[in-house]
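All remarks here apply to the structure that follows.
All values derive from a computational prediction rather than experimental measurement.
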Amino acid sequence: MIAQALRDHGITDVFGVMGDANLYMMDSFQRHAGCHFYSVSHESGAVLAANGYARATGGVGVASVTHGPAFTNIVTALVEGVRERTPILVVAGDTAVVDKDNFQNISQRDVTIPTGAGFEQVRSVKTVCEDVAVAVHRALNERRPVVLNVPVDFQWQEAKYAPPAGPRWSGHQQLAPSQAALEDALGIIASARRPVVLAGRGASSEESRAALVRLADRIGAPLATTLRARDLFRGEPHNLGICGTLSHEVALQALTDADCLITFGAGLNRWTTAEGSILADKAVVQVDSESAALGRFQVVDAMVQGDAGAVADLIGDLLDEAEVKPTGYASPELAAKLAARSDADFTDASTDRTVDHRSAILKLDAAFPQDRTLVFDGGRFVMKCFSMFHVSHPSDYHHTVNFGSIGLGMGTAIGAATGSGKPTLLITGDGGFMLGGLAEFNTAVRHKLDLVVVMFNDGAYGAEHIQFRNKDMDPTSSTFDWPEFAPVADALGGKGYTVRNLAELDAVIAELPARDRPVLIDIKLDPDKVTAH
């Protein structure tokens, strides 16, 4: 019944690890519902894969785990999903209520609630279909993980199947902005002389992009994005790129000199605003479809609740009616400066034994198919990856450091590759790979995914290594004598490469088009030459 209910809600793929409290559900999901169960190596990897899958498909991602220690293994992944605001359903078996002495027994509700995820209890075999429907629709409506808790003693009981009564999720409703809010915003925009249009993830649809480009052209404004909306305006002549702590020098100057920032679907957190400095001495208009996002991180001058694209077009129409002239801030001179700057403007620090990761990024970004899925694990190396790797659309980029954890990239990449069907590029560090990637690399092999894992290997926990160095302390306790990873990748069924210099990287890149299995590229770095700037 649970398997069929999932299928009737359009769920065809589940990631998980089987145990005594979920194995019959997942067996039925495959044999009776005719769907796909992707076995992973660790329960955290299952929930992370569901996260990546949901983000790649735009639907709900589903994971299944058994009770007790299997359930406690997913805590970090649940927090990541909550902070990413991903609709995830976790079908979790639970210990029978009468089995109080079971050594795997734990209150799974009490484990769930601190993570911020939702919890839905299957109440009886008679309510199974309704309980599944509620959990699915809660995940979609609340945009967070929801645990569907299924006591193990229900598994062999019989009941009559009742198909879902009808959809409870109809998507986000477009709200018409209030007239007063529009007038406040319009007054600020009409008086601006150096405006910038900023898009966040909430404005990353194709329709919103087109509307924001029209508005920027109408008022003569450069365009910028948050990290999560990266590359939304790629190809536009006045694209400033990422706004905030990751801004390049030309963009940072334009953002600093602006007198008005018009934001759409952007939360304006500390990184987007460079600790608030980018908002200094300028008026700020914030547009968002969610009222909770308005003014959440920063005090702004005007707040408009509504769909990004619809509000942008409405503002443009009102400016036309008022015959407000465009500014010249998006000037030919600014376009020329943007065209002239290059990510390659640095002195390469590669040697015969180590690679400058900036040079590696440039080569890999150019060589890997542009229509790709891009996943970053956490680590010191990632700062340059944020600004130097690119995607065709923001939806192809998967962020995994909402909880500040390393080791979440591989699980996410497995789900993203499954959901997108695109070549997937995972960038990880050696520490993150050993923490959360090693076991799941074989998962990618078993499921024949088109996945290339690039490991920036500095033989250390880099963030800790640099802290020791900055205080003139011995960094030995942050370093590791890892095995050679290329033969490990081969033993796990993939293809491994070791890269110690740029010539070896070029040789590996030349072989990538012929890959027929997951690939691991172990790129050796000098831990004292990994720069975030």
Side-chain angles (χ1 to χ4, degrees), residues 44-45 48 75-77 79-80 83-84 226-228 230 242 244-248 269-275 343 346 349-351 353-362 364 374-389 397-413 425-441 453-483 485 499 520-533:
S44 177
L48 293 168
V75 167
T76 297
V79 176
E80 180 69 17
R83 297 191 178 183
E84 178 64 23
T226 64
L227 171 62
R228 310 305 298 281
R230 59 180 305 120
I242 299 172
T245 54
L246 295 169
S247 293
H248 54 72
N269 61 36
R270 58 189 292 191
W271 297 279
T272 298
T273 64
E275 304 289 348
D343 286 340
F346 62 87
S350 300
T351 69
R353 304 299 298 169
T354 61
V355 174
D356 186 322
H357 71 302
R358 297 170 297 179
S359 298
I361 291 170
L362 290 175
L364 290 162
L374 180 65
V375 184
F376 295 151
D377 205 313
R380 181 167 51 137
F381 63 89
V382 81
M383 299 306 292
K384 278 299 177 184
C385 294
F386 283 151
S387 58
M388 295 176 68
F389 273 111
Y397 165 61
H398 295 266
H399 196 74
T400 71
V401 290
N402 294 283
F403 197 22
S405 175
I406 65 172
L408 308 188
M410 180 65 82
T412 304
L425 182 63
L426 167 64
I427 312 299
T428 186
D430 46 306
F433 183 78
M434 288 295 283
L435 180 66
L438 181 64
E440 301 300 0
F441 184 80
V453 180
V454 173
M455 179 197 301
F456 284 131
N457 183 358
D458 61 3
Y461 282 147
E464 288 67 36
H465 184 278
I466 192 62
Q467 290 188 62
F468 282 129
R469 285 294 197 205
N470 288 343
K471 291 181 173 60
D472 294 324
M473 295 172 65
D474 182 357
T476 301
S477 60
S478 68
T479 62
F480 296 92
D481 184 16
W482 301 123
F485 287 107
V499 170
L520 174 67
I521 307 173
D522 177 10
I523 302 179
K524 308 295 187 181
L525 309 183
D526 182 337
D528 289 316
K529 295 180 181 179
V530 180
T531 175
H533 307 289

From [atom1] ([X]) to [atom2] ([Y]), nearest 0.5 Å:
| X | Y | atom1 | atom2 | result |
| --- | --- | --- | --- | --- |
| Phe485 | Leu438 | CZ | CG | 7.5 Å |
| Leu408 | Glu440 | CG | CD | 11.5 Å |
| Arg358 | Cys385 | CZ | SG | 12.5 Å |
| His398 | Arg228 | NE2 | CZ | 10.0 Å |
| Ile406 | Met434 | CD1 | CE | 11.0 Å |
| Thr412 | Leu48 | OG1 | CG | 4.5 Å |

Is the shortest heavy-atom distance from the side chain of [X] to the side chain of [Y] under 4.5 Å?
| X | Y | value |
| --- | --- | --- |
| Val499 | Val355 | yes |
| Phe441 | Phe433 | yes |
| Met383 | Leu246 | yes |

For Thr351, all residues meeting side-chain contact (heavy atoms from CB on, under 4.5 Å), sequence neighbours excluded: Arg353, Thr354, Lys529
List in chain and number order the residues that pass side-chain contact (heavy atoms from CB on, under 4.5 Å) with Ala413, two or more places apart in sequence or in another chain; answer none if no residue qualifies. Val375, Thr424, Leu426, Leu451
Would Ile427 and Phe389 satisfy side chain to side chain contact (heavy atoms under 4.5 Å, CB included), going step by step from the backbone distance to the final call? CA-CA 10 Å; Ile427 312 299; Phe389 273 111; 3.7 Å; yes
Starting from the C-alpha separation in whole Å, work towards a yes-or-no answer on side chain to side chain contact (heavy atoms under 4.5 Å, CB included) for His357 and Ile523. CA-CA 8 Å; His357 71 302; Ile523 302 179; over 6 Å; no
Minimum-distance pair of heavy atoms, taken over all atoms of [X] and [Y]:
| X | Y | value |
| --- | --- | --- |
| Ser359 | Phe346 | OG-CE1, 3.5 Å |
| Thr76 | Phe403 | CG2-CD2, 3.8 Å |
| Ser405 | Asp377 | O-OD1, 4.5 Å |
| Asp356 | Ser350 | N-OG, 2.9 Å |
| Asn269 | Thr272 | OD1-N, 2.9 Å |
| Phe456 | Ile361 | CZ-CG1, 3.9 Å |

May I have all residue pairs that pass salt bridge (Lys or Arg N to Asp or Glu O under 4.0 Å) and include part of residues 454-470, sequence neighbours excluded? Arg380-Asp458, Arg469-Asp528
Partner set under salt bridge (Lys or Arg N to Asp or Glu O under 4.0 Å) for Glu80, not counting sequence neighbours: none
Does Phe480 have any ring pair (Phe, Tyr, Trp, His ring centres under 6.0 Å) partners at least two apart in sequence or in another chain, and if so, which? Tyr461, Trp482
Sequence neighbours excluded, the answer for ring pair (Phe, Tyr, Trp, His ring centres under 6.0 Å) partners of Phe386 is Phe376, His399
Looking at Ile242, is its backbone amide N or carbonyl O close enough to the side chain of Ser247 to form a donor-acceptor pair, meaning the two atoms are under 3.5 Å apart? yes
Check step by step if side chain to side chain contact (heavy atoms under 4.5 Å, CB included) holds for Met410 and Thr428. CA-CA 8 Å; Met410 180 65 82; Thr428 186; over 6 Å; no
